[in-house]
Amino acid sequence: MPNLQAPRGTRDLLPSQTPAWTRLERLAADLAARYGYRRIETPLFEQAAVFERGVGAVTDIVEKELFRIAPRTEESESWALRPEPTAGIVRAYIQHGMQTLPQPVKLAMTGPMFRHDRPQAGRYRQFWQFDVEAIGDPGPAVDAEIIELGHRFFADAGLADVRIHLNSIGDAACRPAYIETLAAHYRPHAAELPAVERERLERAPLRLLDSKDPSMAPLNATAPRITDHLCGPCREHFDAVQAHLAALGVEFSLEPGLVRGLDYYTRTAFEYYLEGRQGQQQALGGGGRYDGLVELLGGKPTPGIGLGLGLDRILLALEAQGVPPAADPALTAVVVGADPAATADRLRVATILRSAGIPARAELGQRKLGKQLESAAKERAHFAVIVGDEFADGQVQVKDLEAGAQKLVAIADLARHIERAQASHRHGAPVER
RNA sequence: GUGGCCUUAGCUCAAUGGUAGAGCACUGGAUUGUGGCUCCAGCGGUUACGGGUUCGACCCCCGUAGGCCACCCCA
């Protein structure tokens with residue numbers, strides 16, 4: 001183990017892995033564009049207050065997992081690395097007066113997030129998220145549309161066994177009363193509860209519902225359900241979201257235990273859950289409505305809903321399901337030479353190819369021709385351009401490394417020749433994807 | 001943050017407490033103008049790091065770091 005290594009919970013994405021990432025990022029960008037979400041980028045760090053107020057000061061994310069940046073001077077602001085995208089995007093919405101744009105404002109972003117969690121497979125301290133936000137539309141239809149967008153992403157990526165969990169967690173009008181009802185259900189049994197659960201009863205009663213402790217099952221089974229305690233408007237909204245999803249043909253299951261960890265969520269909460277796999281994190285993404293967040297961060301009361309998908313976990317799931325990764329794009333041409341010393345000639349030929357838009361590498365070393373061709377073949381390059389004696393007459397040998405055929409070509413025709421040969425290749429055998 | 005399992009070459013793995021090895025990969029040669037195969041050779045290790053026990057430690061003990069599993073939480 002070297003002395004210097006990537007920080008705990010972070011990792012390098014190596015060239016052998018990046019094609020799969022590029023594929024997912026393109027999928028995300030295409031999808032966002034197709035649904036009318038426009039790209040936004042916000043800083044990787046913000047004033048800590050953005051997250052303390054936006055995510056919630058008493059959430060695990062802020063209390064335990066926030067990467068704080070030590071101030072350099074006494075008058076410095078307190079900064080923190082973003083643990084999630086929504087708070088920063090909403091801050092940008094307010095800062096740039098986006099309420100004067102036609103509503104809703106639909107924004108999309110893909111990038112790294114940071115949480116000081118204990119690492120595990122699929123759980124990293126720096127992880128990537130694809131995120132979309134629709135700010136300024138209170139209606140249930142946009143909820144359904146965004147849930148369907150996430151669903152579509154998994155379909156496009158080729159991932160199977162993803163289920164949608166859906167719930168409503170009410171709003172300021174009905175949730176406080178429900179939480180009190182819920183707490184009252186558990187409180188008589190507080191003494192017998194495991195320590196962890198007793199703690200939850202005090203701090204976050206909603207969390208009791210999704211306890212994994214088997215001893216909690218009987219109490220949980222009889223616990224009041226939030227969906228039976230929604231106020232009229234929330235009930236109506238929730239029913240409409242379900243009706244819209246059904247109309248879109250998107251299947252989902254109602255999960256009364258689904259509560260999102262962030263304070264700002266209201267009403268619709270949803271999650272994409274990987275069925276039937278163990279040994280990695282199964283929540284691939286989720287989101288929900290945050291009708292109070294804009295106001296909380298200093299804007300006018302404005303509704304909003306968002307979705308975040310965890311690209312790291314999705315990639316792990318794709319690998320586990322044996323979905324073939326995107327092919328590493330092969331180099332088109334390698335310029336080799338019979339005279340190991342004639343580096344300048346090889347460079348010139350490579351430059352001609354690159355000017356014509358053909359990806360090319362020149363052999364810059366002094367190895368003999370056989371070794372040069374060997375490494376070109378191992379790279380799976382399509383063509384070898386051999387610079388030899390004919391170069392003096394303005395000609396080179398072009399060797400098709402797949403077919404083995406070789407042809408003398410005038411340098412003036414070189415790019416055209418390779419383009420034509422490659423086009424006929426693509427007709428013959430479809431490129432793997 | 002709590003508990004458990006793990007860590008030997010770039011990768012996958014060997015090695016009774018007694019001289020650290022193989023396969024793959026990489027580099028060169030067989031082949032001075034023709035490739036992926038084959039054969040040969042080379043490169044590559046403070047056995048994660050730091051202590052301890054022992055005549056002697058990859059092996060036993062302690063600590064640290066990192067990975068993984070469960071919890072917690074969540075993407």
Side-chain angles (χ1 to χ4, degrees), chain A residues 1-11 14 16 55 59-65 82-86 110-131 150 194-197 199-200 203-204 207 210-213 258-262 271-274 278-287 306-317 334 336-342 363 365-391 396-406:
Chain A
M1 188 72 62
N3 288 331
L4 300 178
Q5 52 184 309
R8 182 172 201 195
T10 71
R11 61 224 203 285
L14 303 176
S16 60
V55 177
T59 55
D60 278 11
I61 289 180
V62 167
E63 268 187 347
K64 308 197 299 207
E65 299 172 4
R82 65 184 185 196
E84 57 85 51
T86 307
T110 298
M113 307 294 153
F114 305 85
R115 291 185 200 172
H116 193 102
D117 225 0
R118 182 140 174 182
Q120 230 169 284
R123 193 169 74 179
Y124 305 105
R125 288 183 171 181
Q126 177 178 350
F127 59 98
W128 273 260
Q129 209 166 306
F130 166 49
D131 182 82
V196 179
E197 310 298 341
E199 172 84 11
R200 282 170 158 167
R203 305 197 45 188
R207 294 236 151 273
D210 101 299
S211 168
K212 284 165 197 157
D213 191 326
L258 170 59
V259 293
R260 307 242 83 220
L262 315 184
E271 197 167 75
Y272 300 89
Y273 196 78
L274 186 66
Q278 299 297 324
Q280 67 176 240
Q281 307 297 318
Q282 291 171 295
L284 300 182
L307 153 74
L309 299 181
L311 298 186
D312 310 73
R313 291 181 181 180
I314 291 168
L315 220 46
L316 280 175
V334 176
V336 299
D339 176 3
E363 173 71 33
Q366 303 288 305
R367 325 186 266 187
K368 60 168 97 170
L369 185 59
K371 286 294 174 186
Q372 297 179 35
L373 284 167
E374 184 181 326
S375 76
K378 282 181 180 168
E379 286 172 80
R380 311 186 69 89
H382 299 315
F383 301 94
V385 176
I386 303 167
V387 178
D389 296 338
E390 312 86 356
F391 187 68
V396 290
Q397 297 279 356
V398 176
K399 178 162 191 166
D400 184 324
L401 289 172
E402 289 153 57
Q406 184 168 321

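To find a chain, count down the sequence lines: A is the first, B the second, and so on, and within it residues start at 1.
Nucleotides B/U7 and B/C60, compared at atom P, are 10 Å apart to the nearest Å. Here, B/A48 and B/C6 have their P atoms 14 Å apart, quoted to the whole Å. Separation of the P atoms belonging to B/C68 and B/C61 is 25 Å when rounded to the nearest angstrom. The gap from the C1' atom of B/C13 to that of B/U31 amounts to 34 Å, rounded to the nearest Å. Taking atom P on both B/G10 and B/U54, the two are 34 Å apart, rounded to the nearest angstrom. A gap of 26 Å separates the C1' atoms of B/G63 and B/C72, to the nearest Å. Annotation: B/C62 and B/A22 have their P atoms spaced 33 Å apart (nearest Å).
Nearest heavy-atom pair across A/Gly9 and A/Pro119 is CA-CG, 3.7 Å. Considering every non-hydrogen atom in both A/Phe114 and A/Phe127, the closest pair reads N-CE2, 4.3 Å. The two residues A/Gln129 and A/Gly308 make their nearest non-hydrogen contact at NE2-CA, 3.5 Å. Considering all non-hydrogen atoms of both residues, A/Val334 and A/Ala381 come closest at CG2-CB, 3.6 Å. The two residues A/Leu401 and A/Phe383 have their closest heavy-atom pair at CD1-C, 3.9 Å.
One interatomic measurement links the two molecules: CG of A/Asp60 to C1' of B/C71, which rounds to 13 Å at whole-angstrom precision. A/Arg115 has its CZ atom 13 Å from the P atom of B/C73, to the nearest Å. Per the geometry, CG belonging to A/Leu4 stands 14 Å off P belonging to B/C49, to the nearest Å. Residue A/Arg207 contributes atom CZ, which lies 10 Å from atom P of B/C72 at whole-angstrom precision. The interatomic distance linking A/Leu309 (CG) with B/A75 (C1') rounds to 9 Å, in whole Å. Regarding A/Gln282, its CD atom lies at a distance of 13 Å from the P atom of B/C72, rounded to whole Å. Between A/Glu379 atom CD and B/A25 atom C1' the separation is 15 Å, expressed in whole Å.
Taking a cutoff of 4.0 Å between a charged side-chain nitrogen and a carboxylate oxygen, A/Asp312 and A/Arg11 qualify as a salt bridge.
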Dump the pairs, protein N or O against N or O of nucleotides 1-3 of chain B, anything under 3.5 Å, distances to one decimal.
unit_1	atom_1	unit_2	atom_2	d
B/U2	O4	A/Arg118	NE	3.4
B/U2	O4	A/Arg118	NH1	3.0
B/G3	O6	A/Arg118	NH2	3.2

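Panel note: side chain A/Arg367, backbone A/Gln372; no donor-acceptor pair is recorded below 3.5 Å. Looking at A/Arg82, its side chain does come within 3.5 Å of a backbone N or O of A/Pro112 through a donor-acceptor pair.
Nearer to the 5' terminus of RNA chain B, by closest-nucleotide assignment, is the contact made by A/Glu197 (compared with the other of A/Glu197 and A/Gln126).
Looking only at atom types and distance, the side chain of A/Gln397 has a donor-acceptor partner in the side chain of A/Gln406 under 3.5 Å away.
Consecutive pairing runs in RNA chain B reach the stem threshold at B:1-7 with B:65-71, B:10-13 with B:21-24, B:26-30 with B:38-42, B:48-52 with B:60-64, where a stem means at least three Watson-Crick or G-U wobble pairs with distances under 3.5 Å.
One distance of note links CZ of A/Arg125 with NE2 of A/His116; it measures 3.5 Å at 0.5 Å rounding. To the nearest 0.5 Å, atom CG of residue A/Leu309 and atom CD1 of residue A/Ile314 are 5.0 Å apart.
As judged by a 4.0 angstrom heavy-atom cut-off over every strand, A/Gly9 is placed among residues touching the sugar-phosphate backbone only.
Ring-base stacking between A/Phe127 and B/A75 is satisfied, the centre separation being under 5.5 Å and the plane angle under 30°.
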For a side-chain contact (heavy atoms from CB on, under 4.5 Å) check, start with the C-alpha distance between A/Leu284 and A/Tyr273, then their side-chain angles and the critical distance, and finish with the verdict. CA-CA 6 Å; A/Leu284 300 182; A/Tyr273 196 78; over 6 Å; no
Reading nucleotides 31-40 of chain B 5' to 3', which nucleotides get B (base under 4.0 Å from a protein heavy atom), which S (sugar-phosphate only), which -? S-BBBB----
